[in-house]
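These notes are about the structure you will find just below.
The chain is numbered in sequence order, starting from 1. Keep in mind the model is a prediction, meaning the values are calculated, not measured.
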Amino acid sequence: MSDFNQLKGLEHTAYPIYEGNDLGLTYTPAGSNFKVWAPTAQQVHIALYNDAGVYDQEGIVQEHGGGQEFPMSRDGQGVWSIELEGDWNRYYYMYRLEWADHTVHYAADPYATAVSANGQRTAIIDLDQTNPNGWKRDKGPVLERTTDAIIYELHVRDFSMDPHFNTGIKGLSAAQGRFAAFTYTSLTDSEGNRIGLDHLLELGITHVHLLPVADFHTVNDFVELGTEYNWGYDPQHYNVPEGSYSSNPADPEARIRELKQLVQSLHAAGIGVIMDVVYNHTYSVEKGPFEPVVPGYYYRTDKQGKLTNGSGVGNELATERPMVRKYIKDSLRYWAEEYHIDGFRFDLMALIDTPTVEQLTRELRSEIRSDLLIYGEPWTGGESPQPLLTLKGTQRDKGFAVFNDNYRSAIKGDSDGTGSGFATGAENQEERVLQGAFGAIYDFTAQPSETVNYVTAHDNLNLWDKILTVRHLRENCRFPQWEQGNPKDGRTAKQAVAEADPYQELDESNLLENETVRKSLLANGMVLTSQGIPFIHAGDELLRSKYGDHNSYRSSDAVNAIRWDNKARFRPVFDYYQGLIALRRNHPAFRMDRRELVEQHMEVLQSSGHVVAFALRHHANGDAWNHIVVIYNGSDTEQTLLLPTESDRWHVVVDAHGAGNETRYEVVGHRVTVSRWSMMVLYDQEEPARVFSVTEENQANQQTDNEAKGLDKRIDLEIAGTARAESLLENDGGATPFRKIELIYERADRQYSGWNVWVWGTGYRDGHVEFQDLDDGRAIAHIQVAPDVQRMGYIVRLNHWDAKDVEADRYIDVDLTRSVMQVLIHSGREEYLLLVNDNRAG
């Protein structure tokens, strides 16, 4: 901008700050008040027009002269304002800003709430006239706890662009690809399966997360539907709905009214609406919403004054600056109040400094709505100089959540390649899976409500295509190679999609036996039965494919549209998802929102050999079911596990062939076999649960353990146990002669704080063991092993894998002639010393 050189010497802290809540337009039929923060402008006029201007072939208005112009007055806080008497409804306006060097340009209002087509001019409207009938009574679903949410990520256009969505109902064809498609109910396919809004209701999700619906730059509102496509991560006007999703982009009221109708329709179905918001960058700097008004202020720069690129698309907003922070909070407040939005998902949240995220969370929750969902991506798109990046861990006890890419990678592997995870065949992922299943409380969260668990989203390969890629089936499915939304071989996207077959390996008469189907159900089944907030990518329940396109942000509808005919075709898959969701919604044991509840009620049963199993004990979180066992089998063979001995009869509600709340069959005894690439959920008995306080439950559990087993059962819930050990204890009344290993650890620096041992192969309780005693400058860990174990593995680590004392896995050969072994290890050395004692086994 013309005065940028003048601003270089001005510290951002020297800019005046405005704390009022009335920037932008305040409209009444009697008069309109305009306010814009432009502290460095020499003069500002309001320019008023009775039309939207003359558009060129690109859909841009190049000339903004010729309007009625009125000078505005500046206050001491850098705000220019004017109040015009009379009713200016349906007029348009721009700000005419003049700089010290006498250059002049026109800018739209950064606080615009209504605009012309393609956002070329700001519109003056009466927002009350955009409210649908009954809008004042509209409310979204209320969440008792954030972990009650089940989020379904969806693109507005993907929802309804499939030709099968148009079922011949009057007006429906005009609604395809638009906000209005969400207002139609009772839609079915030719076989009577519900589609559209009724499909979402039938599936049972609690919230729809809409990819960006605020006005974005890259789709021309005037082009024919189906010509241009974008996800919308290129913001233009932050407080205005996207024009291409409305029935009439040239009518500033239409997009507002129709988005409100979308929200109202979902709310009527009991489904909340989450907005995907993009406050980390703008599509353009020079032509964006901020630079024309306050040059040099809104964007981060390096020491040389150049724009930084933490977003990966050329710029990043300086959210730590007071008026940028204020803008974000004002914008969020507007969406929550005017559109009744139920939550916000932040794109590249890491680029928004943590104090800003903490403040907006606290203020929105305390002043607008206490159960607003707030979560985002704890990563950047490039290097940023911001020292307070909102990364994983920064959210601890601050009220917002972040995506758990640790768990995502543990489940599926990498995002676009052939790398595998637990559900797709990888070795040694059990510990990482456990961390995710426990709500990441032993990873990066303070509470399970701070993690959003997912396996795929709009970015990267979707779930079906990822599993096909791991299985090296892309060529068999005739997937093209994609580049910028088109096949590299010159075909159109529509041709390539028509010639591909993502389902060529399926025997549709025996769908749930297929390996790719099994692995996809296991992956999202893990998400839906873990502690935290589950998140599903739209169409996973229909085996959605994007034909191998890993970055379909600008690809055609042929690639992106949800294919509604897949519901009838793959109905058992939909039913399985529906059952898992119903299970979660009906059983609070899967929705614990506090760390202490997880620590009280969750116990690991197995974490080895491609199997993870855990128990949710003692009416977890007030659940009606007493003990619940969850088993994930990621191996290619069936696995037999020992069940806890508290009961001899177990009700199976989820297995490889179905999922839900109802008992499928019963298991009598203490063994169960789980099919390959599948999961199982069982419970022992159902009865009204008494909800204990934390103190009462700890006391009750301690007393029971001491009386029944005569053993010290102070178990850190991260410790991995085995059903076999429980069985031995139960059968022998606590008299089983377990061997004891005293692992004596010596560090030259004598600093033992945070160090602990991770053990496996004990035959008793694998996992985390603390150093409990200090003796003569050494720390001691007491480890029990079963009487027939001959070799035990261990790693000495700092906290939860912050560091390892020795990188390699280490092992101890157990002396079967001794009841107690004393083993000395020195920091940094792989070998151990066996100390001589007289504790010989009888």
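In summary, D162 and R563 do not engage in a salt bridge, as defined by a charged side-chain N under 4.0 Å from a carboxylate O. Salt bridge annotation for R554-D234: absent, with no cationic side-chain nitrogen under 4.0 angstrom from a carboxylate oxygen. The pair E258-R178 fails the salt-bridge criterion, with no side-chain N (NZ, NE, NH1 or NH2) lying under 4.0 Å from an Asp/Glu carboxylate O. With salt bridges taken as basic N to acidic carboxylate O contacts below 4.0 Å, one links K567 and E202.
Between I195 and F165, the shortest heavy-atom distance links the atoms CD1-CA, 4.1 Å. Taking both residues in full, the closest heavy atoms of A457 and F535 are given as CB-CE2, 3.8 Å, listed atom of the first, atom of the second, then distance.
Between the R408 side chain and the N453 main chain, no donor and acceptor come within less than 3.5 Å of each other. Remark: the backbone N or O of G171 is paired with a side-chain donor or acceptor of Y184 at under 3.5 angstrom. In this structure a side-chain-to-backbone donor-acceptor pair under 3.5 Å is missing from D215 to V240. Side-chain atoms of T390 come within 3.5 Å of backbone N or O of I352 as a donor-acceptor pair. Using modelled atom types, no side-chain atom of S265 and backbone atom of Q261 make a donor-acceptor pair closer than 3.5 Å. At least one donor-acceptor pair closer than 3.5 Å links the side chain of Q236 to the backbone N or O of N118. Checked by atom type and distance alone, the side chain of N460 never pairs as donor or acceptor with a backbone atom of D416 at under 3.5 Å. When atom types are taken as modelled, the side chain of N315 and the backbone of T282 share a donor-acceptor pair closer than 3.5 angstrom. With hydrogens and angles ignored, the 3.5 Å screen pairs no side-chain donor or acceptor of N514 with any backbone N or O of R518.
Here the rule is ring pair (Phe, Tyr, Trp, His ring centres under 6.0 Å) with Y233, and of H281, H458, H155, H217 only H458 fits it.
Side-chain rings of Y547 and W482 stay apart, their centers remaining 6.0 Å or farther from each other. A ring-centre distance under 6.0 Å is not found for Y283 and F216.
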Applying salt bridge (Lys or Arg N to Asp or Glu O under 4.0 Å), run through E242 and R255 and close with a yes or a no. CA-CA 7 Å; E242 165 59 18; R255 64 179 76 186; 5.7 Å; no
Could you go through D276 and R345, starting from their C-alpha distance and side-chain angles, then the distance that decides it, and tell me whether this counts as salt bridge (Lys or Arg N to Asp or Glu O under 4.0 Å)? CA-CA 5 Å; D276 202 326; R345 176 268 194 193; 2.8 Å; yes
Working for salt bridge (Lys or Arg N to Asp or Glu O under 4.0 Å), residues D405 and K392: CA-CA 9 Å; D405 57 328; K392 288 194 299 291; 2.9 Å; yes
Criterion salt bridge (Lys or Arg N to Asp or Glu O under 4.0 Å) on D565 and R569, from CA distance to verdict: CA-CA 7 Å; D565 59 335; R569 187 177 179 185; 5.9 Å; no
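Ring geometry, F403 versus W379: the interplanar angle falls from 30° to 60°, so the pair is classed tilted.
With rounding to the nearest 0.5 Å, the separation of OG in S556 from CG in D549 is 9.0 Å.
By the 6.0 Å contact criterion, CD on E383 is open, its count of non-hydrogen atoms from other residues, nucleotides or ligands being 12 or less. With a 6.0 Å radius and a threshold of 12 heavy atoms from other residues, nucleotides or ligands, E58 has its CD atom at or below the threshold.
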